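One structure is given here, and the rest of the page talks about it.
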Amino acid sequence: MSFDSLDQGDDSSLNLTQASALHSFVDDALDDDILALTRVWMNERHAPELLPYHKHLVDALIEKTEDQAGLVMDHMSSNLENKFVSMLYQTEIERIRYLIKSYLRTRLHKIETYTLELLRRPDLQDIMSEQEIAFARRYQELVEAYNHDSFLHHLPPTQHKQDERTDELDMVVTANLEAPVFCRVLEDIGTVQWMVDDTEETTELDKGNTFIIRYQAIKDLLQEGRVQLI
(Lines give C-alpha, C1' and ligand atoms only; values in the text may rest on other atoms or scores of the structure.)
Protein backbone atom coordinates (compact mmCIF):
# COMPACT_ATOMS: atom_id res chain seq x y z
CA MET A 1 0.00 0.00 0.00
CA SER A 2 1.24 3.48 -0.79
CA PHE A 3 0.28 7.01 0.16
CA ASP A 4 1.13 8.32 -3.30
CA SER A 5 -2.57 8.57 -4.08
CA LEU A 6 -3.32 10.93 -1.19
CA ASP A 7 -4.81 14.29 -2.10
CA GLN A 8 -2.11 16.84 -1.43
CA GLY A 9 -4.32 19.76 -2.42
CA ASP A 10 -6.48 19.69 0.75
CA ASP A 11 -4.37 19.82 3.91
CA SER A 12 -7.12 21.31 6.10
CA SER A 13 -8.68 18.02 7.12
CA LEU A 14 -8.38 14.27 6.74
CA ASN A 15 -10.24 13.51 3.51
CA LEU A 16 -11.84 10.17 2.62
CA THR A 17 -8.97 9.10 0.39
CA GLN A 18 -6.44 9.61 3.19
CA ALA A 19 -8.62 7.86 5.75
CA SER A 20 -9.12 4.88 3.47
CA ALA A 21 -5.41 4.64 2.69
CA LEU A 22 -4.36 4.82 6.32
CA HIS A 23 -6.99 2.30 7.38
CA SER A 24 -5.70 -0.03 4.69
CA PHE A 25 -2.12 0.41 5.95
CA VAL A 26 -3.03 -0.58 9.50
CA ASP A 27 -5.10 -3.56 8.39
CA ASP A 28 -2.27 -4.82 6.18
CA ALA A 29 0.32 -4.29 8.90
CA LEU A 30 -1.70 -6.17 11.48
CA ASP A 31 -2.45 -8.98 9.08
CA ASP A 32 0.08 -11.47 7.75
CA ASP A 33 3.47 -9.84 8.23
CA ILE A 34 2.92 -8.44 11.71
CA LEU A 35 1.34 -11.63 13.03
CA ALA A 36 4.19 -13.62 11.51
CA LEU A 37 6.80 -11.30 13.02
CA THR A 38 5.14 -11.50 16.45
CA ARG A 39 5.24 -15.29 16.34
CA VAL A 40 8.87 -15.32 15.18
CA TRP A 41 9.79 -12.84 17.92
CA MET A 42 8.10 -14.88 20.67
CA ASN A 43 9.72 -18.10 19.48
CA GLU A 44 13.15 -16.48 19.43
CA ARG A 45 12.74 -14.99 22.91
CA HIS A 46 11.71 -18.28 24.50
CA ALA A 47 13.84 -20.80 22.59
CA PRO A 48 17.13 -21.71 24.31
CA GLU A 49 18.98 -21.87 20.97
CA LEU A 50 19.34 -19.47 18.06
CA LEU A 51 16.56 -20.08 15.53
CA PRO A 52 16.85 -19.55 11.75
CA TYR A 53 16.81 -15.88 10.74
CA HIS A 54 13.71 -14.68 8.87
CA LYS A 55 15.46 -12.33 6.47
CA HIS A 56 12.65 -11.76 3.96
CA LEU A 57 10.09 -10.98 6.67
CA VAL A 58 12.34 -8.55 8.52
CA ASP A 59 13.61 -6.82 5.38
CA ALA A 60 10.08 -6.38 4.03
CA LEU A 61 8.81 -4.84 7.27
CA ILE A 62 11.80 -2.52 7.63
CA GLU A 63 11.31 -1.24 4.08
CA LYS A 64 7.59 -0.79 4.61
CA THR A 65 7.89 1.15 7.88
CA GLU A 66 10.64 3.40 6.50
CA ASP A 67 8.59 4.25 3.41
CA GLN A 68 5.33 4.85 5.24
CA ALA A 69 6.71 6.80 8.22
CA GLY A 70 7.79 9.68 6.03
CA LEU A 71 4.58 9.66 4.04
CA VAL A 72 2.40 9.75 7.16
CA MET A 73 4.18 12.85 8.46
CA ASP A 74 4.27 14.58 5.06
CA HIS A 75 0.55 14.25 4.42
CA MET A 76 -0.83 14.66 7.94
CA SER A 77 0.92 17.53 9.70
CA SER A 78 -1.16 20.54 8.69
CA ASN A 79 -3.70 20.94 11.50
CA LEU A 80 -4.55 19.64 14.96
CA GLU A 81 -6.99 16.98 13.80
CA ASN A 82 -4.57 15.56 11.28
CA LYS A 83 -1.69 15.67 13.75
CA PHE A 84 -3.70 13.58 16.20
CA VAL A 85 -4.50 10.95 13.57
CA SER A 86 -0.89 11.06 12.47
CA MET A 87 0.21 10.25 16.03
CA LEU A 88 -2.05 7.18 16.07
CA TYR A 89 -0.56 5.76 12.90
CA GLN A 90 2.95 6.74 13.92
CA THR A 91 2.39 4.75 17.11
CA GLU A 92 1.54 1.71 15.01
CA ILE A 93 4.72 2.14 12.99
CA GLU A 94 6.76 2.43 16.20
CA ARG A 95 5.19 -0.79 17.47
CA ILE A 96 6.43 -2.59 14.37
CA ARG A 97 9.89 -1.09 14.81
CA TYR A 98 9.95 -2.22 18.44
CA LEU A 99 9.20 -5.82 17.43
CA ILE A 100 11.99 -5.78 14.85
CA LYS A 101 14.53 -4.26 17.25
CA SER A 102 13.63 -6.63 20.08
CA TYR A 103 13.88 -9.61 17.72
CA LEU A 104 17.32 -8.58 16.49
CA ARG A 105 18.59 -7.77 20.00
CA THR A 106 17.45 -11.17 21.25
CA ARG A 107 19.40 -12.83 18.47
CA LEU A 108 22.52 -10.74 19.16
CA HIS A 109 22.41 -11.74 22.83
CA LYS A 110 22.35 -15.42 21.85
CA ILE A 111 25.14 -14.91 19.32
CA GLU A 112 27.32 -13.32 22.01
CA THR A 113 26.53 -16.19 24.39
CA TYR A 114 27.05 -19.10 21.97
CA THR A 115 29.55 -17.58 19.54
CA LEU A 116 31.95 -20.50 19.22
CA GLU A 117 29.19 -23.08 19.01
CA LEU A 118 27.44 -21.13 16.25
CA LEU A 119 30.61 -20.45 14.23
CA ARG A 120 31.34 -24.19 14.19
CA ARG A 121 27.92 -25.20 12.89
CA PRO A 122 27.87 -26.51 9.29
CA ASP A 123 24.47 -24.84 8.74
CA LEU A 124 25.75 -21.45 9.90
CA GLN A 125 24.57 -19.60 6.81
CA ASP A 126 21.11 -21.15 7.10
CA ILE A 127 20.41 -19.76 10.57
CA MET A 128 22.28 -16.44 10.58
CA SER A 129 22.32 -13.40 8.32
CA GLU A 130 25.53 -12.19 6.70
CA GLN A 131 25.67 -9.30 9.16
CA GLU A 132 25.22 -11.65 12.12
CA ILE A 133 28.00 -13.94 10.89
CA ALA A 134 30.35 -10.98 10.46
CA PHE A 135 29.41 -9.74 13.94
CA ALA A 136 30.00 -13.18 15.50
CA ARG A 137 33.44 -13.55 13.92
CA ARG A 138 34.53 -10.06 14.94
CA TYR A 139 33.12 -10.52 18.44
CA GLN A 140 35.05 -13.78 18.89
CA GLU A 141 38.25 -12.12 17.66
CA LEU A 142 37.84 -9.34 20.24
CA VAL A 143 37.13 -11.81 23.05
CA GLU A 144 40.19 -13.90 22.22
CA ALA A 145 42.40 -10.81 21.93
CA TYR A 146 41.15 -9.46 25.26
CA ASN A 147 41.71 -12.77 27.04
CA HIS A 148 45.22 -13.08 25.58
CA ASP A 149 46.21 -9.54 26.58
CA SER A 150 44.64 -9.85 30.03
CA PHE A 151 46.07 -13.13 31.28
CA LEU A 152 46.78 -15.82 28.68
CA HIS A 153 50.12 -14.31 27.69
CA HIS A 154 51.34 -15.12 31.22
CA LEU A 155 50.62 -18.83 30.68
CA PRO A 156 52.53 -21.42 28.65
CA PRO A 157 51.51 -21.59 24.95
CA THR A 158 49.87 -24.97 25.55
CA GLN A 159 47.36 -23.22 27.83
CA HIS A 160 46.28 -20.60 25.30
CA LYS A 161 43.42 -22.57 23.75
CA GLN A 162 40.01 -21.02 24.40
CA ASP A 163 37.90 -23.71 22.77
CA GLU A 164 39.21 -26.86 24.45
CA ARG A 165 36.88 -29.81 24.78
CA THR A 166 37.68 -32.85 26.91
CA ASP A 167 35.72 -35.40 28.92
CA GLU A 168 36.19 -33.29 32.02
CA LEU A 169 36.03 -29.80 30.51
CA ASP A 170 34.12 -28.05 27.74
CA MET A 171 35.07 -24.42 27.21
CA VAL A 172 32.51 -23.95 24.42
CA VAL A 173 29.20 -22.63 25.76
CA THR A 174 26.27 -24.46 24.18
CA ALA A 175 22.52 -23.98 24.33
CA ASN A 176 20.63 -26.18 26.78
CA LEU A 177 18.21 -28.05 24.53
CA GLU A 178 16.77 -29.88 27.55
CA ALA A 179 15.50 -26.61 29.06
CA PRO A 180 11.75 -26.50 29.80
CA VAL A 181 9.61 -24.24 27.61
CA PHE A 182 5.95 -23.31 27.38
CA CYS A 183 4.37 -24.06 24.04
CA ARG A 184 0.93 -23.77 22.46
CA VAL A 185 -0.11 -26.49 20.03
CA LEU A 186 -1.33 -25.03 16.72
CA GLU A 187 -2.63 -28.26 15.20
CA ASP A 188 -3.41 -31.82 16.25
CA ILE A 189 -0.06 -33.63 16.41
CA GLY A 190 -0.69 -36.77 18.42
CA THR A 191 1.76 -38.56 20.68
CA VAL A 192 5.25 -37.14 21.08
CA GLN A 193 8.01 -39.28 22.58
CA TRP A 194 11.40 -38.31 23.96
CA MET A 195 14.06 -39.71 26.28
CA VAL A 196 14.83 -38.43 29.78
CA ASP A 197 17.70 -40.18 31.57
CA ASP A 198 17.22 -43.34 29.51
CA THR A 199 13.49 -43.28 30.26
CA GLU A 200 10.93 -42.77 27.50
CA GLU A 201 8.28 -40.14 28.14
CA THR A 202 5.21 -39.42 26.03
CA THR A 203 2.74 -36.54 25.72
CA GLU A 204 -0.41 -36.18 23.64
CA LEU A 205 -0.30 -32.85 21.81
CA ASP A 206 -3.78 -31.69 20.85
CA LYS A 207 -4.61 -28.43 19.07
CA GLY A 208 -5.19 -25.47 21.39
CA ASN A 209 -3.54 -27.02 24.44
CA THR A 210 -0.60 -25.44 26.26
CA PHE A 211 2.24 -27.48 27.74
CA ILE A 212 5.45 -27.04 29.67
CA ILE A 213 7.80 -29.46 28.01
CA ARG A 214 11.48 -30.04 27.25
CA TYR A 215 12.57 -27.98 24.26
CA GLN A 216 14.26 -30.95 22.60
CA ALA A 217 10.92 -32.76 22.42
CA ILE A 218 9.24 -30.05 20.32
CA LYS A 219 12.26 -28.58 18.52
CA ASP A 220 11.37 -30.07 15.13
CA LEU A 221 7.69 -29.23 15.58
CA LEU A 222 8.66 -25.60 16.21
CA GLN A 223 10.68 -25.47 12.99
CA GLU A 224 7.65 -26.88 11.13
CA GLY A 225 5.35 -24.22 12.58
CA ARG A 226 3.13 -26.73 14.36
CA VAL A 227 3.72 -25.31 17.85
CA GLN A 228 4.46 -21.83 19.17
CA LEU A 229 6.53 -20.89 22.20
CA ILE A 230 4.87 -18.57 24.70
Side-chain angles (χ1 to χ4, degrees), residues 33-34 36-63 65-66 94-155 157-184 212-225 227-230:
D33 286 350
I34 295 304
L37 175 63
T38 302
R39 179 177 297 179
V40 166
W41 170 64
M42 291 182 64
N43 287 341
E44 193 68 65
R45 282 177 60 89
H46 298 297
E49 67 173 343
L50 187 71
L51 300 178
Y53 179 59
H54 291 259
K55 174 179 174 58
H56 297 298
L57 176 61
V58 173
D59 288 352
L61 284 171
I62 290 176
E63 181 179 0
T65 55
E66 288 179 348
E94 290 303 323
R95 186 175 74 90
I96 300 171
R97 287 174 172 170
Y98 168 80
L99 286 175
I100 296 173
K101 290 178 181 179
S102 180
Y103 172 61
L104 297 178
R105 286 171 179 165
T106 300
R107 292 182 59 82
L108 286 179
H109 174 71
K110 290 183 180 180
I111 292 172
E112 291 177 353
T113 304
Y114 309 121
T115 310
L116 276 176
E117 177 195 15
L118 292 170
L119 290 177
R120 290 179 170 183
R121 290 185 57 163
D123 60 343
L124 174 66
Q125 295 184 342
D126 295 332
I127 63 173
M128 298 171 65
S129 67
E130 294 180 1
Q131 294 85 353
E132 288 175 335
I133 294 174
F135 171 83
R137 288 172 175 165
R138 181 55 179 161
Y139 179 80
Q140 185 59 32
E141 291 174 0
L142 292 174
V143 170
E144 293 180 356
Y146 174 80
N147 290 339
H148 181 271
D149 295 341
S150 298
F151 62 90
L152 288 179
H153 68 281
H154 296 297
L155 302 177
T158 56
Q159 302 294 322
H160 286 190
K161 293 185 63 176
Q162 301 183 44
D163 58 352
E164 186 174 0
R165 279 181 165 174
T166 65
D167 293 337
E168 298 80 18
L169 175 67
D170 188 352
M171 299 178 66
V172 178
V173 180
T174 59
N176 179 16
L177 301 184
E178 298 298 323
V181 295
F182 286 93
C183 74
R184 179 184 296 115
I212 179 171
I213 192 171
R214 293 176 185 264
Y215 176 76
Q216 182 68 61
I218 54 91
K219 176 182 177 180
D220 293 338
L221 298 175
L222 181 66
Q223 298 289 348
E224 296 168 2
V227 300
Q228 177 183 347
L229 300 185
I230 57 177

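Being a predicted model, the structure only gives us computed values, none of them experimental.
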Q: Without swapping roles, check the side chain of Lys110 against the backbone of Ala47 for a donor-acceptor pair under 3.5 Å.
A: yes
Q.
Can a donor-acceptor pair be found, under 3.5 Å and without considering hydrogens, that links the side chain of Ser102 to the backbone of Tyr98?
A. no
Rounded at 0.5 Å granularity, tell me how far [atom1] in [X] sits from [atom2] in [Y].
X      : Y      : atom1 : atom2 : value
Glu141 : Arg138 : CD    : CZ    : 5.5 Å
Glu49  : Lys219 : CD    : NZ    : 4.0 Å
Leu124 : Arg137 : CG    : CZ    : 6.0 Å
Ile62  : Ile100 : CD1   : CD1   : 5.0 Å
Leu37  : Arg39  : CG    : CZ    : 12.0 Å
Trp41  : Arg105 : CH2   : CZ    : 12.5 Å

Q | Ile212: partners by side-chain contact (heavy atoms from CB on, under 4.5 Å), with sequence neighbours left out | A | Pro180, Phe182
Is any side-chain heavy atom of [X] closer than 4.5 Å to a side-chain heavy atom of [Y]?
X      : Y      : answer
Val40  : Val58  : no
Leu99  : Thr38  : yes
Leu229 : Ile218 : yes
Leu116 : Gln140 : yes
Tyr53  : Leu104 : yes

Non-hydrogen atoms of [X] and [Y] that approach each other most closely:
X      : Y      : result
Tyr139 : Glu112 : CE2-O, 3.6 Å
Tyr215 : Leu177 : CB-O, 3.4 Å
Val181 : His46  : CG1-O, 3.7 Å
Leu118 : Ile111 : CD1-CA, 3.8 Å
Ile213 : Cys183 : CG2-SG, 4.0 Å
Pro48  : Ala175 : O-CB, 3.4 Å

(Q) I'd like to check the side-chain hydrogen bond (donor to acceptor under 3.5 Å, both in side chains) partners of Arg107; sequence neighbours left out, ordered by chain and number. (A) Glu44, Glu132
Q. Just wondering, are more than 12 heavy atoms of other shown residues or ligands nearer than 6.0 Å to CD in Gln125?
A. no
